[in-house]
Each structure stands twice: as structure tokens, then as C-alpha cells.
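Numbers here are sequence positions counted from 1. Read the numbers this way: they start at 1 and go in the same order the structure lists the ligands and their atoms. FYI, side chains are in, hydrogens and waters are out, and symmetry mates aren't considered; it's all heavy atoms of this structure.
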Amino acid sequence: MPHAIGQRWLSDNESELGIGLLSDFDARTVTLSFPATGDRRVYSKNDAPITRLTFAEGEKIRHLDDWQMQVTSIEEKNGVLVYFGTHAETGEETGLLETEIHPAIIVNKPQDRLFAGQVDRLEHFNLRYQCLQQRARLQSSELRGLNGARIGLIPHQLHIAKEAGQRYAPRLLLADEVGLGKTIEAGLILHQQLLTERAQRVLILVPEPLLHQWLVELLRRFNITAALFDKERVAEAMLDGLNPFETEQVVLCAQSLLNNKKYHEAAVEAGWDLLIVDEAHHLSWDNGKPSRSYQQVAELADETPGLLLLTATPDQLGHEGHFARLRLLDPNRFHDYQSFVNEEQSYQQVADAANALLDKELLSDDQLRLLNELISENDIEPQLKCVQDTSLADDLRDQARTELLQQLLDRHGTSRVLFRNTRAAIQGFPKRCLNISELALPSAYQTALKLNRKSDPQEQLVQALSPEQSYCELEGDSDAWLNIDPRLDWLIDTLAEVKPAKVLLICSLKRTVLQLAEALRNKTGMQVAVFHEDMSIVERDRAAAHFADDEQGAQILLCSEIGSEGRNFQFAHHLVLFDLPLNPDLLEQRIGRLDRIGQQHDIQIHLPVFAETAQLRLLQWLHQGLNAIESTLSIGKQLYDEFEQPLLDGLRLQTDAEHWQQLLNHTRQRRDELIAMLESGRDRLLEISSRGQGSAEQLVNAIAEQDDDIALTQFMLRLWDVYGVNQDEKGEQCIALMPSEGMLGGDLPTLTEEGATVTFDRSTALSREDVQFLSWDHPMVAGAVDAILGTTTGSTNVAVLKNKALPEGSYMLQVVFTLHAPAPGHLQLARFLPAEPIRLLLDKRANDLSDKVDFDQLSPQLSPIGKHTATKLVAALRQQLPPLLRTAESLAQQRAEQATAQANQLADDYFRAELDRLSALKAVNPNVRDDEIDHLQGQSILAQQALEQAQVRLESVQLIVVHHA
Ligand SMILES: Nc1ncnc2c1ncn2[C@@H]1O[C@H](COP(=O)(O)OP(=O)(O)OP(=O)(O)O)[C@@H](O)[C@H]1O
């Protein structure tokens with residue numbers, strides 16, 4: 001093409017310069033000036049990496065004065081093109097000289113890039129298509145947010161997470177027994193809410209000692225980076241005039257931080273989508289009065305759509321407290337304690353009906369009547385008939401039973417707001433074995449107790465349970481007890497006996513921890529780790545790590561009561577209870593440190609008690625009366641409240657042996673009674689709804705199947721190759737990755753300069769903390785897909801097809817479109833609108849070959865060609881390709897219209913069914929909140945509006961030329 005001043009050219013390598021103007025040339029060089037950036041480049045004429053910018057008929061051009069023209073014909077005058085066409089605004093016929101084209105046009109549309117000679121590599125074109133497919137898959141996956149967590153697949157957790165994670169603004173109480181994975185469930189719900197953009201701003205409040213554990217679990221298991229707020233950080237931000245809580249999206253802080261009024265106000269003002277409160281039993285409500293922490297959370301909960309409360313011991317501070325926490329979830333529903341209690345009494349009937357269905361036996365007339373009564377507003381005759389018809393296939397009858405059960409659970413009780421799984425229901429947990437060592441009460445203690453008898457009943461109790469205190473008071477030395485107390489030698493012997501096994505010791509007071517630690521060090525020289533409330537978080541974490549260290553760590557960790565909440569010490573299986581708490585729920589929290597998911601051994605609980613003392617009596621009451629040591633008990637606090645007075649009298653040794661024995665018998669009887677009642681009523685219902693009948697196992701299977709699918713591995717291996725990530729197979733299912741310089745789409749999330757080791761294998765990820773677990777949810781996968789699709793990489797290509805069956809020189813156009821509807825992320829429109837790319841293959845006569853030859857069939861037959869030849873081929877077909885592209889676009893448009901109509905139908909069906917379901921539920925189960933229904937209605941309208949705006953967008957275009965050589 002002869003050069004002429006005034007022609008417009010583009011740099012192949014520096015497209016950001018905009019459109020160049022040929023300002024000079026001679027026999028050897030060409031000079032381009034780029035008006036948009038003020039740059040100038042001189043190129044060697046022979047091999048200049050520049051491409052002439054030309055437009056074809058039907059295309060639009062922007063004039064220097066910012067108006068647009070659609071080209072109808074083209075002429076050339078002295079080597080410079082003149083375009084004729086219609087003015088977009090006035091509709092008049094007009095002409096536009098090549099020199100008058102706007103210099104700041106960014107050439108990033110695939111067709112413009114192709115015509116401007118910006119031809120990408122074949123592998124990049126293929127990768128872009130695969131990324132589009134993967135993004136579609138990702139967006140519409142039912143398992144999004146569930147499959148990517150580094151966790152073992154435990155059905156009850158996944159069931160709860162799926163149930164709640166996909167709700168709008170879930171408000172619920174996660175109340176699994178200690179150590180069954182409430183943190184994991186909350187993490188899974190949070191993960192789904194974040195990934196689907198249902199929640200973006202999240203505040204997590206936890207007891208201070210658990211801050212670090214939460215931070216680590218969120219990052220390690222879910223790749224969620226929370227910002228840890230402490231006093232210093234908050235104060236500093238406030239000094240700078242900022243609301244600290246507005247500076248981060250996911251904030252983790254100690255609930256006690258909000259005791260500062262200013263901080264609390266700032267937190268409320270900042271606004272959140274989701275609030276998570278761990279160890280929520282601390283939000284107490286005593287004698288009709290809310291505690292300070294309850295009020296703090298209530299204010300936040302009022303302003304925040306989503307709320308997750310976590311507690312293993314919901315009744316720890318009484319049933320009224322439990323009700324008060326339910327009220328935080330939904331004040332309208334839980335407004336009157338007495339009616340709540342009355343309602344709970346009716347659960348027995350519902351549970352009976354549920355049991356009848358679960359038994360899979362034929363239903364009796366009474367049972368049929370009961371079901372009809374309980375689900376009276378629906379016609380359940382067809383399902384009942386099906387259940388009773390023994391000639392039908394088992395799976396049909398099972399399905400009918402499941403439907404009935406679902407309706408029953410949906411309509412009754414707290415099943416939408418409260419989840420509680422128990423060890424008994426899940427099974428497979430190690431045993432708890434109690435080892436009691438009865439020691440003789442030292443005579444010095446006996447004397448001290450006689451001489452120093454207290455009159456105050458509370459003091460009497462303390463004295464009876466801790467005889468060492470009286471002794472120390474008399475001696476005037478608070479350490480004196482360690483010189484005579486046989487429990488110290490007993491402890492040393494126990495440690496020696498179980499060595500090298502780790503031992504966790506819990507007692508109620510910090511003072512005891514420090515004194516015992518000192519005595520152990522002095523007497524044995526052993527390493528001892530301690531953990532108490534006056535240590536900083538860093539000190540506590542260091543102590544826990546010292547204890548966890550297998551090689552050089554301490555054999556024993558001594559904890560005050562604070563160590564018994566939330567912490568993970570299941571690598572140990574010996575627990576010393578140096579004293580016993582009166583509250584059975586605290587006892588459960590203590591044992592729960594070891595009795596947790598992941599515990600591999602039976603748990604040995606060691607208990608030293610002085611014979612014939614209050615200590616022994618308390619042990620008897622907890623063990624023989626409640627059986628709260630070797631098994632878990634959800635009603636410990638309730639029983640404590642019922643028996644408090646006779647128990648305390650007994651502990652003060654004011655009752656004789658016979659009365660004491662009677663108390664033990666009564667306690668046991670009452671316990672059995674209550675448990676039987678709960679097992680058949682409230683707890684039975686909770687158990688059924690928390691475990692997810694069958695659906696939980698299906699979910700586990702679906703995730704396991706996805707784990708086994710090698711599609712992700714194949715995709716990522718290809719992606720790293722093309723992206724420029726160096727890979728080194730390390731064996732044991734691990735791959736070491738190193739970034740290279742100038743990676744295709746820039747840095748990849750979680751791949752640092754030092755590299756990263758990754759695995760696609762869940763069990764490897766579970767056993768190797770240093771290895772990243774790659775799944776469809778992992779930020780590196782989503783980040784890489786976004787990085788590729790966020791650039792123009794792979795949006796154009798020219799390839800050769802060596803196929804003798806086709807005439808030499810014939811050509812085809814492979815074009816990929818996507819369908820876009822502008823919608824907020826939380827709408828999750830991809831559920832309805834297929835995000836699958838629309839791919840078209842047209843021959844030169846515009847025949848549509850897409851259905852005859854698919855992408856994966858064609859791709860291996862294509863070979864790459866050099867850029868120079870590619871540019872020449874495009875230039876040679878410059879006038880033929882735009883009409884082909886227009887045909888492709890109109891075909892894509894037709895498909896898009898079908899897809900949008902289908903999407904509309906799907907969305908309509910979905911929202912209608914959900915609204916019907918929720919409205920029907922609301923009529924019988926007030927746990928359905930009005931705002932959930934309003935939200936669904938709003939979403940339905942938004943979805944409709946967004947679908948009306950759906951448009952196709954060209955993603956990539958490939959010219960395929962047939963060549964036989
Ligand atoms: N699915 C899982 N895969 C792997 N580890 C798990 C899983 N679920 C729970 N765990 C581990 O089991 C332990 C107990 O889980 P978690 O802390 O979530 O329980 P919790 O119910 O919150 O306990 P607590 O009642 O003491 O607060 C933790 O160490 C956790 O990491």
C-alpha cells in the first residue's frame with residue numbers, strides 16, 4: 001500500500017497511543033504522530049509493526065468534532081481515503097476525510113482490533129473461549145461458595161450452609177453442640193453470601209480470645225481476609241477523622257471493643273449487610289433485663305439485614321435468654337415469651353407426625369388425621385395416598401414422604417431460624433472416658449476448715465469446693481497450699497504416665513493456673529504453657545502454639561475458664577479438670593475443647609477430687625445425676641436451675657448422705673424425663689430439620705463429584721501455560737507455581753513473588769496447611785478468568801485449516817458473543833440467563849455451520865500463522881468480513897432473544913414459586929419475615945427489568961483460512 005501523508009495507522013504493539021497520523025516518510029522510514037497522546041514514532045519502512053486503519057461499508061466512524069457517521073461508500077484521493085455516509089445525528093449525507101477521524105478512538109472491540117491488525121495468538125483465542133465457558137459455569141453453579149472451602153465434607157454442615165447461605169439476609173441461630181463446626185457453618189454461609197454479592201459488608205463479633213482463631217480459620221479455610229480491629233487501630237482511624245468501620249468490608253473484632261460508646265456508635269453508623277456473633281450465649285437476658293452486650297448487639301441487629309448468632313449452649317443462661325436471642329433474630333415473631341413456651345409444647349405432636357413419616361410404615365388412621373390437621377391449609381391427599389399405596393415403587397412413596405415432611409417442618413417450630421446438630425444424631429464421635437482419682441483430704445485442710453468456718457452461704461460454698469483457700473488464709477500465704485496439696489503430685493504423676501501425650505488442664509481461676517504452673521516448673525523443670533484472661537491475644541496465641549508444637553512444645557497447657565471457650569485443642573486427648581464448674585454448660589464448653597471434629601482418640605478426662613467433700617458431691621451430681629461428663633447434655637442449665645437450692649445445700653454439706661442420694665436419684669429421673677420429652681418433641685424436630693433428610697448426602701455427593709472432575713485441573717494447567725506461570729509437579733498431588741515476568745494478565749491473586757504450592761485434591765489440602773486448595777471458588781481461578789476476560793487478550797485470531805475436503809483459499813469466521821444484562825451482582829441473574837457464550841461459525845457465504853462443527857472439534861484442526869500473513873489475509877478480506885460479522889450478530893441476536901425469553905420464563909417461575917412458598921409458609925409459620933417476601937418481590941421486578949435490557953456483546957472473532965500445504 002503506497003504511503004501518503006494524512007493516512008491513519010495503528011501501532012501493533014502500542015495500541016494505547018490511539019490512532020496515528022502518517023506525518024512523514026522517505027525511502028527507508030515512516031513517521032507517525034499520535035495526536036491523542038502527543039507521541040511520535042519513526043519506523044523502518046520494511047518491517048514496521050503498524051497497520052493501516054480502514055473502515056468498511058456499514059461501519060461507524062467518529063469525526064474529530066465528535067459526531068458519528070455510518071459509512072455507505074469509500075473513495076481514495078491521493079492515497080488518502082474519503083468516507084461517505086449518513087450523519088448519525090442529522091441524518092444528512094456527508095463525507096469524512098481519513099485525516100478527520102477522531103484520534104482517541106480506542107481500538108478494543110474485537111472486530112476493530114482484527115481490522116487494525118491486532119491479531120492474537122491461537123492459544124490465547126482458545127483460552128478466552130474457555131474462560132467464557134468457565135465463567136458461565138461458575139456463575140450458575142449451585143455449589144458456589146460451598147465446594148471451595150478447605151473442609152471435610154460433613155453433611156450436616158453443608159446442609160445448614162446451603163439452606164441459609166442462599167437466603168436473602170439470613171437471620172439464624174447456629175446452635176450445634178460444642179465442636180461440631182458452627183464456625184465452619186458460619187464461614188460457609190459467609191463465603192456464599194460474599195461470592196454471590198448478597199453481602200458485601202460484614203461485621204464479625206467474637207470473644208477476644210477467639211479473634212486470632214477466627215482470623216486464621218476464615219483465611220485458611222475460605223480465603224476470606226478479614227480486617228482485625230483492636231483499640232489501637234480504631235482509635236488511630238478516629239484521630240484521622242474517619243469512621244474506622246467504614247474503611248474495611250469484612251471486619252473482625254472483639255465484642256468488648258464495642259463497650260466503648262464511641263466505637264459502638266461508629267460500628268452502628270457504618271452499616272452492614274451481615275452481622276455474625278460468636279458465643280452468643282454471652283448476650284444474656286437476666287430477670288427480664290438485657291445485658292449491656294445484648295443491647296449492643298440488638299442495636300446492630302436492628303440495622304443489619306443478615307444476622308448469624310453462634311452458640312453451642314443456647315440455654316446456658318436460661319430459657320428466657322434463649323428466647324431473647326431468638327428475638328434478636330426476629331422481634332416480630334418472638335415477642336412474647338409465654339406464647340413461645342406454649343408453642344414449644346405443641347412440638348411433641350408435630351414430632352410424632354414427623355416420626356411416623358420417617359418410620360416408613362403405613363400410617364394409622366390417627367396419624368393420617370394428625371397430618372391432615374397439621375397441614376390443613378394444603379391439599380395433601382395425593383401425597384398421603386401415595387404413601388399408603390403399597391403397590392407403588394418405593395422411591396415414589398419416599399418422595400411423597402419427603403414432601404410431607406418438608407411441609408411439616410416448614411410450617412412448625414423454629415426450623416427456619418434455629419439449627420442444632422447433636423453428637424447423638426451424627427454419631428461416629430470418640431468416647432469420653434472419666435478417670436476419677438479420689439484423694440484423701442489433707443489433715444491441715446480439715447483443721448483449716450474447722451477453724452475458719454464462714455457464715456456467708458456463698459463463702460461457705462467456695463470454701464467447701466476449694467478447701468485450699470481456707471488453709472491459705474490461715475497461713476497468710478496464698479501459695480502455701482502447694483506445699484501440702486496431694487493434687488500437685490497427682491498431676492505430676494499423671495503427666496508422667498501419659499507422656500508424651502499432650503494434656504490440657506482447665507480450672508476456674510487465673511490464680512490457680514499461675515500457681516500450679518510455677519509449682520510444676522519448680523518441682524519438675526518441665527515446660528509449661530499457660531493461658532488466662534490477663535494475657536494479650538498475642539501472648540495467648542503464642543501459648544496455644546507452644547502447646548501445639550509436637551517437638552519442642554510444652555506437654556501441658558494450663559487454662560483458666562477463658563481457655564474453655566471456642567478454642568481448638570483436639571490434637572490433645574487428655575483433659576484434666578482441676579476443679580468443676582457449677583454450671584453444666586461450662587463443663588460442656590471445657591470438654592468441648594477436645595471433643596471436637598477432628599479428634600482421633602477417645603478422650604480421657606482426669607479428675608482429682610477430695611474424698612468425702614463437696615468436690616466429690618459436685619462430681620456425683622454432674623456425673624451420676626446428669627451424666628454430663630461422659631455425654632453431652634443440652635438441658636444442663638435447666639436442671640441446675642431446677643435443683644439449685646438442694647444442690648447448693650448438699651454441697652455445703654448441710655444434707656446427710658441419704659438425702660444427698662435422693663437428690664442424685666431425683667436429678668437422674670428428671671433428666672431422663674426431660675430428655676425423653678425433648679427427644680420426642682423440640683429436639684427431634686430440630687434434629688430432623690438440621691440434618692437435612694437425604695438432601696445433605698446428595699449435596700456431599702455433588703461436591704465430591706465436582707472434586708473428582710478433572711475439568712478444573714485441565715483448565716488451570718492450560719491457563720498457567722498460556723498465562724506464563726511456571727509449574728513444577730511436586731508429587732503427592734501438589735504443584736509448585738512461580739510467576740514469570742510479564743504474565744499475560746498481570747499478577748494472579750494468591751500467587752506471590754515467592755510462588756505458591758497448590759493442590760486440586762481435598763484430602764491433600766486438609767492435611768497440608770501450606771498448600772492452597774484450588775477449586776472453582778478459589779480467588780486464583782476466578783482472578784485468572786477475570787484477568788483474561790478483562791483485557792482484549794485472545795479476542796482476535798487468524799488461523800489456518802488444513803482440510804483437503806474444502807477448497808483452497810476458502811474461509812470461515814468463528815465468532816463468539818456473550819449475552820449481557822446490566823444487573824446488580826446480588827440478583828444472581830446468571831441463574832436464569834445462560835452466561836454460556838454464543839458461538840457461531842459461518843462460511844464465506846454466511847451459511848451457519850455452528851451446529852455441524854463445534855468449537856472443540858474444530859480447534860485441534862487449526863494451526864497458527866505468523867502475524868504478518870495474518871494481517872495481510874485480513875486486509876485482503878477487509879470488505880468481505882464486515883457483512884459476515886453483521887450476519888453473525890443477527891444470528892446471535894436471534895439466539896439471544898430465545899435465551900432471554902426463556903430466562904424471563906425461568907425467573908418468573910422461580911419467583912412465583914418462591915413467593916407462593918414463602919407466603920404459604922408465612923400463613924402458618926411466622927418465622928418467615930415480611931422483608932424476605934418484600935425482597936423477593938423487589939428482586940423479581942429487578943430481574944424482569946434487567947432481562948429487558950439484555951444485549952449481545954462480541955467477545956472474540958477468528959478468521960479461518962483453508963490452506964492445503
Ligand atoms: N468440615 C470440617 N472439616 C475440617 N475440619 C472441621 C470441619 N468442621 C469442623 N472442623 C474443625 O473442628 C473443630 C470444631 O469446629 P468449630 O470451631 O467450627 O466448632 P464450633 O461448633 O464452633 O465449636 P465451639 O462450640 O467450641 O465454638 C475446628 O478445629 C474446626 O476447624
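Below 3.5 Å of separation, one finds no N or O of Asp176 facing any N or O of ligand 1. Looking at ligand 1, you'll find an N or O of Arg593 within less than 3.5 Å of one of its N or O atoms. Note: no N/O pair closer than 3.5 Å links Asp278 and ligand 1 by distance alone. In terms of polar-atom proximity, Gln213 is not counted as a contact of ligand 1, lacking any N or O under 3.5 Å from an N or O of the ligand. Every N/O-N/O distance between Val178 and ligand 1 stays at or above 3.5 Å.
In this structure, His159 and Phe419 have perpendicular ring planes: the angle between them is above 60°, well past the 30° mark. Ring geometry for Phe531 versus Phe569: interplanar angle over 60°, hence perpendicular rather than tilted (30 to 60°).
Closest to atom 7 (C) of ligand 1 by heavy atom, among Gln157, Arg150, Glu588, is Gln157. When the options Leu174, Leu180, Ile154, Thr183 are ranked by their closest heavy atom to atom 16 (P) of ligand 1, first place goes to Thr183. Between Asn421, Ile597, Leu766, Asn568, it is Ile597 that holds the heavy atom closest to atom 11 (C) of ligand 1. In this structure, of Arg762, Lys182, Glu177, His156, the residue bringing a heavy atom nearest to atom 20 (P) of ligand 1 is Lys182.
Residue Glu279 touches ligand 1 through its side chain alone, judged by heavy-atom distances below 4.0 Å.
No donor-acceptor distance shorter than 3.5 angstrom exists from the side chain of Arg671 to the backbone of Ile635, with no hydrogens or angles considered. Formation of a donor-acceptor pair under 3.5 Å by the Thr304 side chain with backbone atoms of Gly306 is not found in this model. A donor-acceptor pair is defined here as one N or O able to donate and one able to accept, closer than 3.5 Å; such a pair exists between the side chain of Arg596 and the backbone of Gly592. In this structure a side-chain-to-backbone donor-acceptor pair under 3.5 Å is missing from Arg201 to Asp273. Side chain of Arg593 to main chain of Asn568: no donor-acceptor pair is present (N/O by atom type, distance under 3.5 Å, no hydrogens or angles).
Contact analysis leaves Gly592 out of contact with ligand 1, as no non-hydrogen atom separation drops below 4.0 angstrom. Under the 4.0 angstrom criterion for non-hydrogen atoms, Gln570 is in contact with ligand 1.
A salt bridge is defined here as a Lys NZ or Arg NE, NH1 or NH2 lying under 4.0 Å from an Asp or Glu carboxylate O, and Asp579 with Arg590 meets this definition. Salt bridge status for Asp534 with Lys510: present, with a side-chain N to carboxylate O gap under 4.0 Å.
For ligand 1, the atoms closer than 4.0 angstrom to any heavy atom of Gly181 are 15 (O), 16 (P), 18 (O), 19 (O), 20 (P), 21 (O). Counting atoms of ligand 1 from 1 in the listed order, those under 4.0 Å from a heavy atom of Ala312 are 25 (O). Near Ile151, the atoms of ligand 1 lying under 4.0 angstrom from a non-hydrogen atom of the residue are 1 (N), 2 (C), 3 (N). Each of the following atoms of ligand 1 lies closer than 4.0 Å to a heavy atom of Glu217: 30 (C), 31 (O).
Just one of Glu588, Glu177, Arg432 meets the side-chain hydrogen bond (donor to acceptor under 3.5 Å, both in side chains) condition when paired with Thr632; it is Glu177.
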